[in-house]
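Notes to accompany the following structure.
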Amino acid sequence: MAIHEDVPLTVSPKTRGDVYSADCPCRDLLDVVANKWAALAIGALADGPARFGELQRRLEGISPKVLTATLRRLETYGLVDRTVLPEVPLHVEYELTDVGHSALGPIVALRQWADSNYTHAVAILSQGK
């Protein structure tokens, strides 16, 4: 369709956001992934599906309430799939989606950076933050 007969209307869908822009929807996605527990949950699911109890044991220090909220948020944003297994009693497994898997690279890099700065973290904690 053209606005004027001699000027064709070209529609090019936007395929990349700008998180520095106030109205960019990617900010919400960044907020989800940059959350400590969400990043750790994504990392914990890197090796494949896991049940709630497995994730809670892996993510030492997380409460059931926070883990539930984290997994729901990851599911809402399409990073995690939740599957109810038809067993008695019912079991639920969580697994990364393709988008969730695509977040692993940056999350693993950030975790490795944090791990490699262990002595710095210890020094900061010993100073009382």
Gap separating the CG atom of L96 from the CG atom of L79, nearest 0.5 angstrom: 8.0 Å
Would the number of heavy atoms belonging to other residues, nucleotides or ligands and lying under 6.0 Å from CD of E60 be above 12? no
With rounding to the nearest 0.5 angstrom, report the CG to CD distance, N117 to Q112. 12.0 Å
Supply the atom-to-atom distance L40 CG to L67 CG, rounded to the nearest 0.5 angstrom. 11.0 Å
Any non-hydrogen side-chain atom of Y77 less than 4.5 Å from a side-chain atom of D28? yes
If Ile, Leu, Val, Met, Phe, Trp and Tyr residues are connected whenever their side-chain heavy atoms lie under 4.5 Å apart, and connections chain through other members, are V66 and L45 in the same group? yes
CH2 (W37) and OG1 (T70) are apart, to the nearest 0.5 Å, by 8.5 Å
When rounded to the nearest 0.5 angstrom, what distance separates CG in L55 from CD in E93? 10.0 Å
Looking only at heavy atoms, which two atoms of V33 and A39 are closest? And how far apart? O-CB, 3.6 Å
Running the 4.5 Å side-chain criterion over Ile, Leu, Val, Met, Phe, Trp and Tyr, what cluster does L110 land in, apart from itself? W113
Flag if over 12 foreign heavy atoms under 6.0 Å of CZ, R51: yes
Could you check R82 against L71 for side chain to side chain contact (heavy atoms under 4.5 Å, CB included), going step by step and ending with a plain yes or no? CA-CA 9 Å; R82 178 182 184 267; L71 291 170; over 6 Å; no
Would you say that more than 12 heavy atoms from the other residues, nucleotides or ligands in this model lie under 6.0 Å from the CG of D115, or not? yes
